[in-house]
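Let me begin by presenting the structure, written as structure tokens, before commenting on it.
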Amino acid sequence: MKPARFAYHDPDHLAEALALLARLENARVLAGGQSLMPMLAMRVAMPDHLIDLNRIPGLDGIVVAEGSLRIGAMARQRRIEDSPAIRAACPLMTEALGLVGHIQTRNRGTIGGSLCHLDPSAELVTVAAALDATIEVASATGTRDIGIADFPLGLMTPSLAAEEMVVGLRIPLWPAGHGACFTEFARRHGDYAIVSAAALLLPDAQGRIARVSLTLGGVSAGPLRLAAAEAMLLGEAPSPALFRAAASCCAGIDAMEDPQAPAWYRRRLATVLVRRALEQAWARTEGVAA
Amino acid sequence: MSESRHIALHVNGERREAETPVRQHLADFLRGTLGLTGTHLGCEHGVCGACTVLVDGRAVRACLMLAVQAAGRAVTTIEGLAAADGTLHPLQQAFCDHHGLQCGFCTPGILATLVEYLAENPDPGAEDLRIALSGNICRCTGYDSIVAAALAAARALRGEAA
Ligand SMILES: Cc1cc2nc3c(=O)[nH]c(=O)nc-3n(C[C@@H](O)[C@H](O)[C@H](O)COP(=O)(O)OP(=O)(O)OC[C@H]3O[C@@H](n4cnc5c(N)ncnc54)[C@H](O)[C@@H]3O)c2cc1C
Ligand code: FES
Ligand code: FES
């Protein structure tokens with residue numbers, strides 16, 4: 001057995017889990033285990049207490065209603081990927097999920113676990129940023145909301161107190177007719193991306209860009225919204241030249257450097273991926289004559 | 001809270017009960033505690049797929065699940081694939097026929113993955129299969145014969161001539 005010793009708790013009520021989290025020192029919650037189990041095996045994580053969330057009912061709901069989507073923290077990635085309602089209302093999420101690990105990891109891995117693990121390349125974190133998600137947090141003493149922009153504190157560190165956990169996220173849906181694209185470059189299918197890009201575009205009646213969201217994953221500790229490129233696109237009539245110009249903003253970003261890829265390579269990937277994501281997202285918009 | 005637990009679960013259709021340390025993963029439980037050594041362990045941190053088994057019909061990495069989490073669930077391992085009379089499962093037969101394995105270390109995990117995948121996608125293309133199998137590493141075959149075997153198994157499972 002590779003993990004260090006821990007006491008195992010598998011509460012069947014949320015309140016019980018939150019009480020344990022408040023009371024126990026050096027406790028860690030276990031969701032899908034697809035990141036935490038390897039960390040336990042490598043003893044990168046050595047909690048004294050493991051609080052398994054898998055037996056708690058009601059934490060995995062998926063609700064698409066009136067302009068918003070709510071997903072419970074324990075919803076499995078595979079269930080979200082296979083949800084026809086999400087595919088219809090939030091295609092960016094579905095497309096990104098196909099790139100999160102493998103079928104076997106998505107069968108167990110959860111959306112809450114992915115958000116809290118907060119890998120710089122995690123597709124779901126990038127998607128949450130692109131869609132302006134709100135993270136719902138609970139502790140024994142109450143609940144609070146955190147905007148996705150304020151969720152990452154630093155590298156792989158969500159802004160959660162030790163006694164807090166994520167219970168779900170809310171996403172305001174884009175109107176019908178919007179186009180979305182998630183694309184990434186990874187060494188092998190299912191690997192964490194070196195760089196990923198998420199684009200959403202909404203056309204107006206004249207075929208100009210009424211609304212835009214552009215986000216990069218894998219270039220910094222948290223997702224990077226490309227505000228300058230978004231401003232450049234807003235209100236404009238799309239063209240290959242415009243998309244190329246917007247994507248060229250990526251040449252100036254402050255990209256991280258690691259053994260996988262140097263910063264210049266990430267900037268170059270970002271430039272290409274953003275252009276492709278914009279072109280593809282635009283091709284997927286509806287309601288304007290092309 | 002105690003360091004080990006008594007659990008009951010179904011493995012390959014049979015009810016099994018045993019004591020397990022809480023920090024033991026499901027693959028070690030199947031191999032060490034139940035003696036079902038057909039489930040292989042390559043990396044024990046989720047990257048190789050050798051340990052893939054079916055839990056309630058879903059392919060999962062048995063090294064990334066605690067044995068205690070399998071309590072009350074139905075687990076299918078490679079030992080549970082062939083029929084009771086020894087007739088090979090169509091996937092096993094296709095892997096024999098098409099040289100879908102060499103050393104066989106990755107095979108139990110690959111078959112578990114394909115049982116679920118082919119049930120949901122009865123008529124996949126070669127490229128779909130490569131993506132479906134991206135979480136199963138094989139150091140021997142170069143994958144071509146695995147994909148050929150999977151395509152043949154899919155045909156057999158659809159009731160067509162392999
Ligand atoms: C081979 C392989 C490939 C992978 N590829 C990718 C990939 O391409 N992209 C990607 O994004 N991920 C990838 N992953 C990781 C992904 O599969 C995990 O599902 C995800 O990172 C964590 O989700 P989980 O539910 O498994 O969480 P766990 O592993 O259970 O937990 C992860 C962390 O989050 C904390 N946590 C979990 N839930 C909560 C909660 N509700 N509140 C507070 N804290 C919580 C845990 O304490 C732990 O620190 C891969 C994993 C493997 C094994
Ligand atoms: S042993 Fe489980 S994935 Fe390698
Ligand atoms: S046959 Fe040897 S690892 Fe696949």
Side-chain angles (χ1 to χ4, degrees), chain A residues 1-12 20 23-24 27 30-55 76-79 81-82 98-110 113 117 186-192, chain B residues 1-5 7 20-29 32 41 43-73 109-110 112-117 120-121 127-137:
Chain A
M1 271 160 286
K2 292 185 164 184
R5 280 175 201 283
F6 53 77
Y8 176 74
H9 311 262
D10 54 345
D12 43 24
L20 287 168
R23 182 165 58 81
L24 300 171
L30 174 64
Q34 303 302 294
S35 295
L36 185 51
M37 288 288 288
M39 293 195 293
L40 293 172
M42 293 185 267
R43 302 203 176 189
V44 177
M46 292 206 279
D48 292 317
H49 298 273
L50 208 55
I51 305 173
D52 189 343
L53 304 180
N54 284 276
R55 265 163 39 89
R76 308 274 173 205
Q77 293 154 11
R78 187 80 190 287
R79 231 185 95 228
E81 179 188 5
D82 288 348
L99 302 170
V100 179
H102 314 279
I103 291 173
Q104 302 100 323
T105 65
R106 296 197 293 274
N107 273 340
R108 293 288 297 165
T110 65
H117 186 62
R187 287 287 173 89
R188 291 164 293 256
H189 184 95
D191 280 14
Y192 278 108
Chain B
M1 198 153 281
S2 69
E3 292 283 320
S4 78
R5 275 195 189 184
I7 62 166
T20 177
V22 292
R23 63 186 167 126
Q24 173 163 261
H25 58 61
L26 177 59
D28 270 350
F29 176 79
L41 280 163
C43 65
E44 286 189 79
H45 57 258
V47 298
C48 76
C51 64
T52 307
V53 299
L54 294 161
V55 176
D56 293 338
R58 295 278 192 188
V60 303
R61 286 160 158 28
C63 73
L64 298 187
M65 202 173 152
L66 296 169
V68 286
Q69 294 182 306
R73 314 280 216 105
I110 288 187
T113 303
L114 287 172
V115 166
E116 182 193 8
Y117 185 75
E120 294 185 351
N121 305 276
E127 198 46 42
D128 304 323
L129 283 165
R130 285 182 191 275
I131 290 174
L133 291 172
S134 63
N136 295 82
I137 294 174

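Just so it is clear, the values below take in all heavy atoms, side chains as well, and ignore hydrogens, waters and symmetry mates.
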Any side-chain heavy-atom pair of A/Gln104 and B/Asn136 under 4.5 Å = yes

Minimum side-chain heavy-atom gap B/Pro21-A/Met1 below 4.5 Å | yes

Just wondering, do A/Gln34 and B/Arg61 contact through their side chains at under 4.5 Å, heavy atoms?
-> yes

A/Leu50 vs B/Leu66 side-chain heavy atoms within contact, under 4.5 Å | yes

From the options B/Val60, B/Asp56, B/Thr52, select the one residue that forms a side chain to side chain contact (heavy atoms under 4.5 Å, CB included) with A/Asn107.
-> B/Val60

How long is the span from the CG atom in A/Asp191 to the OG atom in B/Ser134, to the nearest 0.5 Å?
-> 8.5 Å

Any side-chain heavy-atom pair from A/Met37 and B/Met65 closer than 4.5 angstrom?
-> no

Pair count under 4.5 Å, heavy atoms only, with chain B: among A/Arg78, A/Arg188, A/His49, A/Met42, highest is A/Arg78

Answer whether the closest heavy-atom distance between the side chains of B/Leu64 and A/Leu36 falls below 4.5 Å.
-> no

Kindly indicate whether the side chain of B/Gln69, heavy atoms from C-beta on, has any atom under 4.5 Å from the side chain of A/Asp52.
-> yes

Would you call A/Arg106 and B/Glu116 a salt bridge, using N to O less than 4.0 angstrom?
-> no

Below 4.5 Å from any heavy atom of chain B, which atoms of A/Met39 appear? Answer side chain, backbone, both or neither.
-> neither

Per-residue tally against chain A (heavy atom, under 4.5 Å) across B/His25, B/Gln24, B/Arg58, B/Arg130 peaks at B/Arg58

Measure the NE2-CD distance between A/His189 and B/Glu127 for me, rounded to the nearest 0.5 Å.
-> 9.5 Å

Stepwise side-chain contact (heavy atoms from CB on, under 4.5 Å) check, B/Val22 with A/His9 | CA-CA 10 Å; B/Val22 292; A/His9 311 262; over 6 Å; no

State, yes or no, whether a side-chain contact exists between A/Tyr8 and B/Arg5 at a heavy-atom distance under 4.5 Å.
-> yes

B/Asp28 vs A/Lys2, salt bridge (charged side-chain N to carboxylate O under 4.0 Å, His left out): CA-CA, chis, key distance, verdict | CA-CA 11 Å; B/Asp28 270 350; A/Lys2 292 185 164 184; over 6 Å; no

Please confirm whether the backbone N or O of A/Pro38 pairs with a side-chain atom of B/His45, one donor and one acceptor, at under 3.5 Å?
-> no

Best-contacting candidate, A/Gly190, A/Ser35, A/Ala41, A/Pro3, against chain B by heavy atom pairs under 4.5 angstrom | A/Pro3

